[in-house]
Amino acid sequence: MVYLPASGCDLRATLESGQVFRWRRWGPRGWRGLIGTTVVTLTQAGSLIHVGGSAAPAVLGPLACRYLRLDEDPEALLASAELDPAIRVALQATRGLRIIRQDPWECLASFICASFNNIARIAGMIERLCRTYGRAVAHRGEPWFTFPDAATLARADGGALRRLGFGYRAPYLVAAARQVNERQVDLAAVARLPYEEARATLLRLTGVGEKVVECVLLFGFGRFEAFPVDVWIGRVMRRLYFARRGATDRRIRELARRRFGPSCGLVQQALYHTRRIF
DNA sequence: GAAGGGCCTTTGAG
DNA sequence: ACTCAAAGGCCCT
């Protein structure tokens, strides 16, 4: 077990803001889940974060630090943004919310499942996906399951996924897994591309459209220029900046990019989580 | 090339 | 039991 300085990170806001779907409450201030193949328990202890799990302390510390982005200061990004009062309120209400560094493939697959869906159901779907196709990792006598890799899901049967409750997303997920597995879209290469090229490349994936691609760029590739516009972000942004005028999601995203610059992703997640907690 | 509409599966929550 | 809405994408005008 290890203690890390929280550096302002609030675990609840970070883990329960809809960027990840696999963490479960563990005790009064804790969450348990997996980072890669390691079972990890994170506990908020004031200005410290306690890290336990199925690996040596020397591994757990850096793993959690990187995952929670404790090595970065979000305030630095916000310094150059144009923040009106409504945005400041959202940032204040969700203070401590970090953008997690997720595995690109897990993030991609998760957000393909997220389309026209709700978070409770997404979590259930992903849990069944991992139990069915993931690898069992024993931790203190309990089995936990890793997120299945692209090669495994590329061999999965669409019908089987439908029976797991994936609905019309089942064929999307299998198709995307094949594209990734066959390197039609090389995620490692995408990580090195400039934003616009990375975006265009990811959009070739089945089941990835204008909204999901922004989520993957933000949560999976750490591109803070991304600004996912879902139904809720669309509503609040239209109310704030497009009074009595209809605005397409594209226009909203473009306004956000101009206004919030490199902190787009942070502002978006603050707005999104604000409507979830109120 | 941009924008709008119909259709698609399932289920958690009220 | 019934209804509603959900971190949308695809395909066609």
Side-chain angles (χ1 to χ4, degrees), chain A residues 13-25 90 94 97-100 102 104 106-129 132 156-180 185 196 199-221 223-224 226-239 242 245-256 264-278:
Chain A
T14 300
L15 300 177
E16 296 189 351
S17 60
Q19 9 173 5
V20 281
F21 305 98
R22 295 204 65 197
W23 292 91
R24 293 183 179 177
R25 290 307 303 259
T94 60
L97 196 170
R98 299 298 187 108
I99 303 297
I100 295 169
Q102 294 185 44
E106 177 170 345
C107 180
L108 167 64
S110 297
F111 278 94
I112 287 175
C113 300
S115 93
F116 199 41
N117 209 343
N118 57 68
I119 289 180
R121 183 181 168 207
I122 298 164
M125 284 164 58
I126 291 177
E127 187 56 31
R128 292 191 292 278
L129 185 76
T132 306
D157 172 43
L161 284 178
R162 274 188 184 273
R163 286 189 289 279
L164 290 179
F166 281 69
Y168 63 86
R169 307 166 195 81
Y172 293 171
L173 186 56
V174 175
R178 289 181 180 159
Q179 286 170 288
V180 169
V185 172
E196 291 298 341
R199 187 172 194 282
T201 304
L202 291 173
L203 278 172
R204 300 207 306 258
L205 289 161
T206 306
V208 176
E210 296 281 331
K211 189 271 177 179
V212 169
V213 75
E214 298 289 309
C215 290
V216 177
L217 285 165
L218 179 57
F219 307 130
F221 291 96
R223 307 298 177 96
F224 281 66
F227 192 85
V229 180
D230 76 317
V231 288
W232 286 99
I233 292 296
R235 281 172 203 167
V236 67
M237 289 294 287
R238 284 184 188 90
R239 182 165 56 76
F242 296 90
R245 279 173 299 168
T248 62
D249 291 353
R250 172 185 294 271
R251 295 295 297 276
I252 291 172
R253 209 174 59 242
E254 288 166 354
L255 177 140
C264 266
L266 222 45
V267 170
Q268 186 277 157
Q269 202 57 18
L271 285 173
Y272 182 78
H273 191 48
T274 297
R275 85 85 195 162
R276 275 178 59 76
I277 58 183
F278 288 112

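Per chain, numbering begins at 1; letters A, B, ... match sequence-line order. Predicted model, so just to flag it, every value in this text is computed and none were measured.
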*Asks:* With C1' as the reference atom in both, quote the distance from B:dA2 to C:dC12 in angstrom, rounded to an integer.
*Replies:* 14 Å
*Asks:* Among residues 266-278 of chain A, which residues get a heavy atom nearer than 4.0 Å to DNA chain C?
*Replies:* A:Gln268, A:Gln269, A:Tyr272, A:Arg275
*Asks:* Phosphate oxygens OP1/OP2 of C:dA5: is one of them under 4.0 Å from a side-chain N or O of A:Trp232?
*Replies:*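 For C:dA5, neither OP1 nor OP2 has a side-chain N or O of A:Trp232 closer than 4.0 Å.
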*Asks:* Could you pick out which residue, A:Tyr172 or A:Thr248, lies toward the 5' side of DNA chain B when each is mapped onto its nearest nucleotide?
*Replies:* A:Thr248
*Asks:* Could you measure between the two C1' atoms, the one in B:dT11 and the one in C:dC10, and give it in whole Å?
*Replies:*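 Those two atoms are separated by 22 Å.
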*Asks:* Examine the side chains of A:Thr94 and A:Gln269 and answer whether a donor and an acceptor come within less than 3.5 Å of each other.
*Replies:*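 No donor-acceptor contact under 3.5 Å links the two side chains.
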*Asks:* Give one of base, sugar-phosphate or nothing for A:Val229, where a contact means two heavy atoms less than 4.0 Å apart.
*Replies:*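 Nothing, no nucleic acid heavy atom in range.
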*Asks:* Consider the side chain of A:Arg250, meaning its heavy atoms from C-beta on, and name the nucleotide among B:dA2, C:dC10, C:dA7 that approaches it most closely.
*Replies:*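 Side chain of A:Arg250 sits closest to B:dA2.
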*Asks:* State whether the distance check finds a donor on one side and an acceptor on the other, under 3.5 Å, for side chain A:Tyr168 versus base C:dG8.
*Replies:*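 Yes.
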*Asks:* Between A:Gln19 and A:Leu203, which residue's closest nucleotide on DNA chain C lies nearer the 5′ terminus?
*Replies:* A:Gln19
*Asks:* Stems involving DNA chain B: give each as a range paired with a range, ordered by first number, where a stem means at least three consecutive Watson-Crick or G-U wobble pairs under 3.5 Å.
*Replies:*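 DNA chain B stems, ordered by first number: B:3-8 with C:8-13, B:10-14 with C:2-6.
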*Asks:* Mind checking whether A:Gln19 and A:Thr14 have side chains closer than 4.5 Å, heavy atoms only?
*Replies:*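 They are in contact (side-chain heavy atoms under 4.5 Å apart), so the answer is yes.
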*Asks:* Could you check whether A:Arg204 gets within reach of a base, just the sugar-phosphate, or nothing at all, counting any heavy atom under 4.0 Å?
*Replies:*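 Answer is nothing: A:Arg204 stays at 4.0 Å or more from every strand.
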*Asks:* Using a cut-off of under 3.5 Å, enumerate the N/O to N/O pairs linking the protein to nucleotides 11-13 of chain C.
*Replies:*
none

*Asks:* For A:Ser110, answer base if it contacts any base atom (sugar-phosphate contacts may also be present), sugar-phosphate if it contacts only those atoms, and nothing otherwise; contact means non-hydrogen atoms under 4.0 Å.
*Replies:* nothing
*Asks:* Under 4.0 Å between any heavy atoms, over every strand shown, what does A:Gly207 touch: base, sugar-phosphate, or nothing? Just pick one.
*Replies:*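 If one applies the 4.0 Å heavy-atom cut-off, A:Gly207 turns out to touch the sugar-phosphate alone, with no base involved.
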*Asks:* Once ring-ring contact (aromatic ring centres under 6.0 Å, His included) is applied, what residue pairs with a partner in residues 199-221 of chain A remain, sequence neighbours excluded?
*Replies:*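 Applying ring-ring contact (aromatic ring centres under 6.0 Å, His included) to every pair that reaches into residues 199-221 of chain A, excluding sequence neighbours, yields A:Phe111-A:Phe219.
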*Asks:* If you take atom types as modelled and just measure distance, does the side chain of A:Arg169 reach the base of B:dT9 with a donor-acceptor pair under 3.5 Å?
*Replies:*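 A donor-acceptor contact between them is present.
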*Asks:* Using the C1' atom as the reference point in each nucleotide, state the distance between B:dT9 and C:dC4 in Å, no decimals.
*Replies:* 15 Å
*Asks:* Using a strict heavy-atom distance below 4.0 Å, which residues from residues 111-120 of chain A are in contact with DNA chain C?
*Replies:*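 Contacts with DNA chain C under 4.0 Å: A:Phe111, A:Ala114, A:Ser115, A:Phe116, A:Asn117, A:Asn118, A:Ile119.
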*Asks:* Applying side chain to side chain contact (heavy atoms under 4.5 Å, CB included), name anything that partners A:Ala156, two or more places apart in sequence or on another chain.
*Replies:* A:Tyr133, A:Leu153
*Asks:* Ignoring the backbone of A:Arg121, work out which of C:dG8, B:dT11, C:dC10 is nearest its side chain.
*Replies:*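 Per side-chain heavy atoms of A:Arg121, the pick is B:dT11.
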*Asks:* Looking across every strand, which nucleic acid part, if any, lies under 4.0 Å from A:Gly209 by heavy atom: base, sugar-phosphate, or nothing?
*Replies:* sugar-phosphate
*Asks:* Measuring only the C1' atom in each nucleotide, how far is B:dC8 from C:dA6? A whole number of Å is fine.
*Replies:* 14 Å
